[in-house]
Q: 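First, the structure itself, so that you have it in front of you.
What you see is a predicted model, and the numbers here were worked out from it, not measured in a lab. Values below: every heavy atom of this structure, side chains too, minus hydrogens, waters and symmetry copies.
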Amino acid sequence: MTKTELAYTGIYTDWTREAILAEVEKQMKPSRFQHVLRVEACSIQLAEKYGAAVEACSLAALLHDFSKEHDPESMKAIVLSEGMDSEMTGYGSEIMHGPVGAYYAKTLFGITDEAILGAIRQHTIGGETMTLIGKVLFIADYIESGRAFKGVDEARRLAADSLDEAAYFKIEKTIIHLVKKELPIYTGTIYVYNSWIQRKVGKSE
């Protein structure tokens with residue numbers, strides 16, 4: 001299935017792909033919009049490879065950074081009014097934009113599928129548990145074709161064999177990066193790492 005063949009109406013949302021693209025494009029600078037399109041392309045490839053719902057993965061990808069460039073104060077207001085973890089407000093857009101993006105996916109675009117909402121919510125730090133759609137977006141955001149950081153080739157190699165191995169790689173590298181930069185780590189990120197490392201160690205015993 002190609003992007004031009006996708007038709008969301010009546011499946012996950014009443015919005016057409018074209019209308020979603022137009023709204024998403026308004027929310028961000030051109031370079032980020034191109035990133036979103038690359039994440040969608042990568043998500044579709046991973047969905048087809050691993051048997052995930054292609055249209056659901058496409059939708060999650062298109063909306064994952066919807067709030068990334070929104071005013072931090074407006075995001076804080078949503079976090080607090082919706083009863084999200086208030087600790088997020090101390091970490092800026094980097095942590096808040098996933099959960100806030102899921103809020104807009106539901107309230108603006110009418111998406112009620114929890115797998116899509118959860119994927120958007122978790123795409124930055126991951127989740128202690130993740131659906132297949134969640135893993136697809138989490139990895140696609142990390143390895144899309146425009147990424148050029150040290151280690152991305154290894155992440156792509158892992159993703160070709162196992163979404164779980166690629167997800168653990170991303171989670172581990174994120175923790176290492178934050179420690180090396182001497183940056184504070186959001187508690188939720190630590191919970192995610194602990195959950196994944198415990199499962200990984202358990203598998204090796």
Side-chain angles (χ1 to χ4, degrees), residues 1-4 6 17 20-21 24-50 52 54 56-70 72 75 91-102 116 119-127 130 132-186 188-190 192-193 196-197 200:
M1 182 180 295
T2 65
K3 286 178 282 189
T4 57
L6 298 174
R17 180 173 182 275
I20 290 172
L21 283 172
V24 169
E25 190 170 14
K26 293 178 193 174
Q27 307 300 318
M28 58 192 66
K29 57 190 176 185
S31 59
R32 189 175 307 282
F33 183 63
Q34 292 304 311
H35 159 72
V36 166
L37 296 180
R38 292 193 300 269
V39 173
E40 185 201 18
C42 188
S43 292
I44 290 171
Q45 292 173 356
L46 291 174
E48 290 174 340
K49 177 178 177 62
Y50 288 102
V54 171
C57 290
S58 167
L59 257 179
L62 290 181
L63 296 176
H64 82 282
D65 272 354
F66 186 82
S67 298
K68 188 69 180 280
E69 297 179 24
H70 286 187
M75 286 196 276
Y91 291 85
S93 172
E94 193 61 39
I95 295 297
M96 289 191 292
H97 80 276
V100 173
I116 296 173
I120 297 169
R121 191 179 298 120
Q122 296 178 335
H123 81 270
T124 298
I125 69 169
M130 301 173 72
L132 180 56
I133 293 169
K135 292 174 187 176
V136 164
L137 177 58
F138 189 59
I139 299 309
D141 187 34
Y142 196 55
I143 67 168
E144 56 93 345
S145 60
R147 299 294 197 193
F149 59 87
K150 183 179 179 180
V152 70
D153 289 338
E154 175 65 6
R156 288 171 180 148
R157 184 189 67 78
L158 291 169
D161 294 326
S162 169
L163 287 179
D164 283 350
E165 289 297 325
Y168 175 75
F169 180 86
K170 177 180 177 179
I171 292 165
E172 179 187 51
K173 295 304 180 186
T174 297
I175 293 286
I176 292 171
H177 171 77
L178 293 171
V179 170
K180 285 184 175 179
K181 292 286 187 179
E182 297 184 336
L183 295 172
I185 301 176
Y186 170 55
T189 305
I190 297 172
V192 169
Y193 171 77
W196 280 78
I197 190 60
K200 183 178 179 69

Q: So, taking the atom named NZ in Lys29 and the one named NZ in Lys68, what distance separates them when rounded to the nearest 0.5 Å?
A: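 Those atoms lie 9.0 Å apart.
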Q: Does some side-chain heavy atom of Asp65 sit less than 4.5 Å from a side-chain heavy atom of Val39?
A: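 No - every pair of side-chain heavy atoms lies 4.5 Å or more apart.
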Q: What is the minimum heavy-atom distance between Cys57 and Val136, and which atoms define it?
A: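 So the two residues come closest at SG-CG1, 3.8 Å.
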Q: Kindly give the heavy-atom pair with the smallest separation between Ile125 and Tyr186, and that separation in Å.
A: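 Residues Ile125 and Tyr186, closest heavy atoms: CD1-CE2, 3.9 Å.
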Q: Determine yes or no for a side-chain-to-main-chain donor-acceptor pair under 3.5 angstrom, with Arg121 supplying the side chain and Gly101 the backbone.
A: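 No: the side chain of Arg121 does not pair with the backbone of Gly101.
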Q: Can you list everything that forms a side chain to side chain contact (heavy atoms under 4.5 Å, CB included) with Thr124? Sequence neighbours excluded, please.
A: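 Scan of Thr124 (side chain to side chain contact (heavy atoms under 4.5 Å, CB included), adjacent residues dropped) gives Glu94, His97.
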Q: What ring pair (Phe, Tyr, Trp, His ring centres under 6.0 Å) pairs are there with at least one residue in residues 138-165, not counting sequence neighbours?
A: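 For residues 138-165: Tyr142-Phe149.
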Q: My understanding is that only residues two or more places apart in sequence, or in another chain, count here; which of them pass side chain to side chain contact (heavy atoms under 4.5 Å, CB included) with Ser162?
A: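 Side chain to side chain contact (heavy atoms under 4.5 Å, CB included) list for Ser162, sorted by chain: Asp164, Glu165.
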Q: I want to check something: taking the side chain as every heavy atom from C-beta on, are Glu154 and Phe169 in contact at a cut-off of under 4.5 Å?
A: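 Touching, per the 4.5 Å side-chain cut-off.
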Q: Mind checking what makes side chain to side chain contact (heavy atoms under 4.5 Å, CB included) contact with Lys49, not counting sequence neighbours?
A: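 Counting only residues at least two positions away or on another chain, Lys49 forms no side chain to side chain contact (heavy atoms under 4.5 Å, CB included).
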Q: Mind checking the NE2-CE spacing from His35 to Met28? Nearest 0.5 Å is all I need.
A: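 Between His35 NE2 and Met28 CE, I get 8.5 Å after rounding to 0.5 Å.
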Q: How long is the span from the CG atom in Asp141 to the CZ atom in Arg38, to the nearest 0.5 Å?
A: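 Rounded to the nearest 0.5 Å, the CG-CZ separation comes out at 10.5 Å.
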Q: Out of curiosity, His70 NE2 to Ser93 OG, how far, rounded to the nearest 0.5 Å?
A: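 Interatomic distance, His70 NE2 to Ser93 OG, rounded to 0.5 Å: 9.0 Å.
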Q: What is the distance from atom CG of Leu63 to atom CZ of Phe66, rounded to the nearest 0.5 Å?
A: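 It comes to 7.5 Å.
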Q: What closest approach, in Å, do Leu137 and Ala61 show between heavy atoms, and which atom pair accounts for it?
A: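 Shortest heavy-atom contact: CD1-CA, 3.7 Å.
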Q: Taking the side chain as every heavy atom from C-beta outward, state whether Glu48 and Ile44 have any pair of such atoms under 4.5 Å apart.
A: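 Yes; the side chains approach each other to less than 4.5 Å.
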Q: Could you pull out the closest heavy-atom pair between Ala60 and Ile120, with the gap in Å?
A: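 Looking at all heavy atoms of both residues, the shortest contact is O-CG1, 3.8 Å.
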Q: I would like to know whether Ser67 and Gln27 meet side-chain contact (heavy atoms from CB on, under 4.5 Å); could you show each step before the answer?
A: CA-CA 7 Å; Ser67 298; Gln27 307 300 318; over 6 Å; no
Q: Identify the heavy atoms of Leu37 and Leu62 that sit nearest to each other, and give their distance.
A: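 Leu37 and Leu62 have their closest heavy atoms at CD2-CD2, 4.4 Å.
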Q: Can you list the residues that meet the salt bridge (Lys or Arg N to Asp or Glu O under 4.0 Å) rule with Lys26, with sequence neighbours excluded?
A: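 With sequence neighbours excluded, Lys26 shows a salt bridge (Lys or Arg N to Asp or Glu O under 4.0 Å) to Glu23, given in chain and number order.
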Q: Show the nearest heavy-atom pair for residues Ser58 and Glu40, with the distance to one decimal.
A: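 Where Ser58 meets Glu40 most closely, the heavy atoms are OG-OE2, 2.6 Å.
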Q: Mark yes or no for whether Arg156, through its side chain, and Ile143, through its backbone, hold a donor-acceptor pair below 3.5 Å.
A: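 Between the backbone of Ile143 and the side chain of Arg156 there is a qualifying donor-acceptor contact (under 3.5 Å).
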Q: Leu178: which residues meet the side chain to side chain contact (heavy atoms under 4.5 Å, CB included) condition with it, sequence neighbours left out?
A: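 Counting only residues at least two positions away or on another chain, Leu178 forms a side chain to side chain contact (heavy atoms under 4.5 Å, CB included) with Thr174, Leu183, Ile185.
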Q: Looking only at atom types and distance, does a side-chain atom of Trp196 sit under 3.5 Å from a main-chain N or O of Gly126, one as donor and one as acceptor?
A: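 No, because the side chain of Trp196 does not come within donor-acceptor range (under 3.5 Å) of the backbone of Gly126.
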Q: With rounding to the nearest 0.5 angstrom, report the CD1 to CD1 distance, Ile190 to Ile175.
A: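 With rounding to 0.5 Å, CD1 (Ile190) is 6.0 Å from CD1 (Ile175).
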Q: Is there a side-chain contact between Leu59 and Ile20, using heavy atoms and a 4.5 Å cut-off?
A: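 Sidechains of Ile20 and Leu59: in contact.
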Q: Quick check: do Met130 and Gln122 have side-chain heavy atoms less than 4.5 Å from each other?
A: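 Yes, at least one pair of side-chain atoms sits under 4.5 Å.
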